[in-house]
Amino acid sequence: MINFYPGPSKIYPGIAKYFEEGLTSGLFSMNHRSTAFHEFYNSFKTTFRTYFNIPDDYEVSILSSATEAWEVINQSFSNQEFHHYFNGAFGKKWKDYNVLLNNKVNTHSFDYTEALNTSVIKNKEGIICLTHNETSNGTYINDSILIEIRTNNPNALIAIDSTSILGGFTFDFNNFDICFSSVQKCLGQPSGMGIIITSPKVKGFLNQSTTHYNDLGNILKNSEKSETTHTPNSSGIYTLYRTLQDINPLDEINKRTKLRFETLISTCIESNLSIVSPNKEICSPTVICINLDGRRFTEVENIALDHQIIIGKGYGVHKETSFRLANFPAHNDEDIKTLISFLKSL
Ligand SMILES: *Cc1c(COP(=O)(O)O)cnc(C)c1O
């Protein structure tokens with residue numbers, strides 16, 4: 001079965017070998033306050049920064065998940081005003097849990113058929129929260145919009161949920177102060193680890209005093225000495241580290257993602273399948289949401305299973321009316337061919 005669920009999804013083929021290496025070397029039971037761990041974590045951070053072209057003064061820290069990153073951000077800046085812009089279920093959930101913490105939250109929902117209107121995001125102070133790639137409806141925010149937001153808001157921190165796009169597409173980290181992701185989407189890893197990347201500007205916005213263990217200030221203090229606040233997911237860090245050494249450079253992955261996106265969209269059009277967001281300019285290159293157009297999900301799912309394919313259920317308000325497909329880099333050309341023949345058979 002080829003997994004096209006938009007996370008957890010297909011895993012890179014090298015993972016079994018990396019697990020073997022980690023087991024043999026003893027790395028999976030290494031003490032996380034040891035010099036050996038510091039060295040390993042430093043190599044991981046260097047590899048990660050180099051692969052993604054992340055500025056040297058940005059810190060890379062490990063979390064358990066992207067949803068944990070929502071919580072860490074919401075709790076670490078409770079003295080600040082938050083501005084949440086979202087058009088779907090993931091962005092809304094991040095905002096909802098921020099409201100529950102009694103933080104000062106400004107809610108701005110926008111239409112999933114239109115690009116985010118940057119003219120209303122000017123001279124904000126506090127934390128601007130964005131969902132880079134809205135996995136529930138298959139839309140994304142492109143670099144030119146992100147640059148405008150960055151330029152027009154010099155006094156704000158920009159935090160972005162890049163969970164279903166990091167590893168599948170290129171973007172400029174200079175546009176954000178906080179970017180986070182989980183490993184089981186475009187990074188093609190076994191599920192269960194999150195990563196948060198932070199700019200030096202973050203420190204000026206943190207709460208004055210630490211109020212909880214997973215405070216971002218605490219997380220950064222540990223990362224700076226190449227440690228984690230908690231006993232880390234050592235196999236998760238190791239397989240990601242090795243994957244980034246072995247896979248194609250991000251520029252090449254980016255080109256292939258775009259090309260496959262174009263092919264998948266034109267296949268849908270030829271097969272009379274409609275895309276959830278009819279505005280192609282904002283369609284996500286990595287998560288494709290297709291309307292069921294009156295069919296039942298199980299019917300489409302069964303056709304997919306006949307093609308040895310696992311597809312994703314709809315999510316949020318599109319739960320009953322759509323299905324979702326991952327266009328992630330761990331998929332090979334054969335997988336995409338199979339996906340296309342499935343789409344053509346609908
Ligand atoms: C998958 C996803 C999450 C949640 O990831 P977890 O690893 O389950 O925490 C958050 N945000 C977006 C945009 C996602 O696609």
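Each ligand, and each atom within it, is numbered from 1 in the order the structure gives.
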Where ligand 1 meets [X] - atom numbers and elements under 4.0 angstrom, heavy-atom basis:
{"X": "Asn133", "value": "13 (C)"}
{"X": "Trp70", "value": "10 (C), 11 (N)"}
{"X": "Ser65", "value": "7 (O), 9 (O)"}

Could an N or O of ligand 1 be found under 3.5 Å from any N or O of [X], whether backbone or side chain?
{"X": "Asp161", "result": "yes"}
{"X": "Glu68", "result": "no"}
{"X": "Ala66", "result": "yes"}

Exercise. For the side chain to side chain contact (heavy atoms under 4.5 Å, CB included) test, which of Leu130, Asp161, Thr107, Leu116 pairs with Phe86?
Worked result: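 Of the listed residues Leu130, Asp161, Thr107, Leu116, the side chain to side chain contact (heavy atoms under 4.5 Å, CB included) partner of Phe86 is Thr107.
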For this session: Compute the minimum heavy-atom distance from Trp94 to ligand 1 and say whether it is under 4.0 Å.
Result: no
Identify the protein heavy atom lying closest to [atom], giving its residue, its atom name and the separation to 0.1 Å.
{"atom": "atom 15 (O) of ligand 1", "value": "Thr135 OG1, 2.4 Å"}
{"atom": "atom 1 (C) of ligand 1", "value": "Lys185 NZ, 1.3 Å"}
{"atom": "atom 8 (O) of ligand 1", "value": "Gln184 NE2, 3.9 Å"}
{"atom": "atom 7 (O) of ligand 1", "value": "Ser182 OG, 2.5 Å"}

Exercise. Is a side-chain donor-acceptor pair under 3.5 Å present for Ser162 with His132?
Worked result: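 Distance-only check passes for His132 and Ser162.
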Determine, for [X] against [Y], whether the closest basic-nitrogen to carboxylate-oxygen distance falls under 4.0 angstrom.
{"X": "Arg242", "Y": "Asp246", "value": "yes"}
{"X": "Asp335", "Y": "Lys10", "value": "yes"}
{"X": "Glu148", "Y": "Lys122", "value": "no"}
{"X": "Asp251", "Y": "Lys255", "value": "no"}

Problem set entry | Considering all heavy atoms, the nearest Leu240-Met193 contact |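 Scanning both residues completely, I find the closest heavy atoms to be CD2-CE, 4.1 Å.
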Seminar exercise, completed: Among Leu63, Val287, Thr67, the residue with a heavy atom nearest to atom 4 (C) of ligand 1 is Thr67
Exercise. So with a 6.0 Å cut-off around CG of Asp56, is the heavy-atom count from everything else above 12?
Worked result: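 12 or below, so no.
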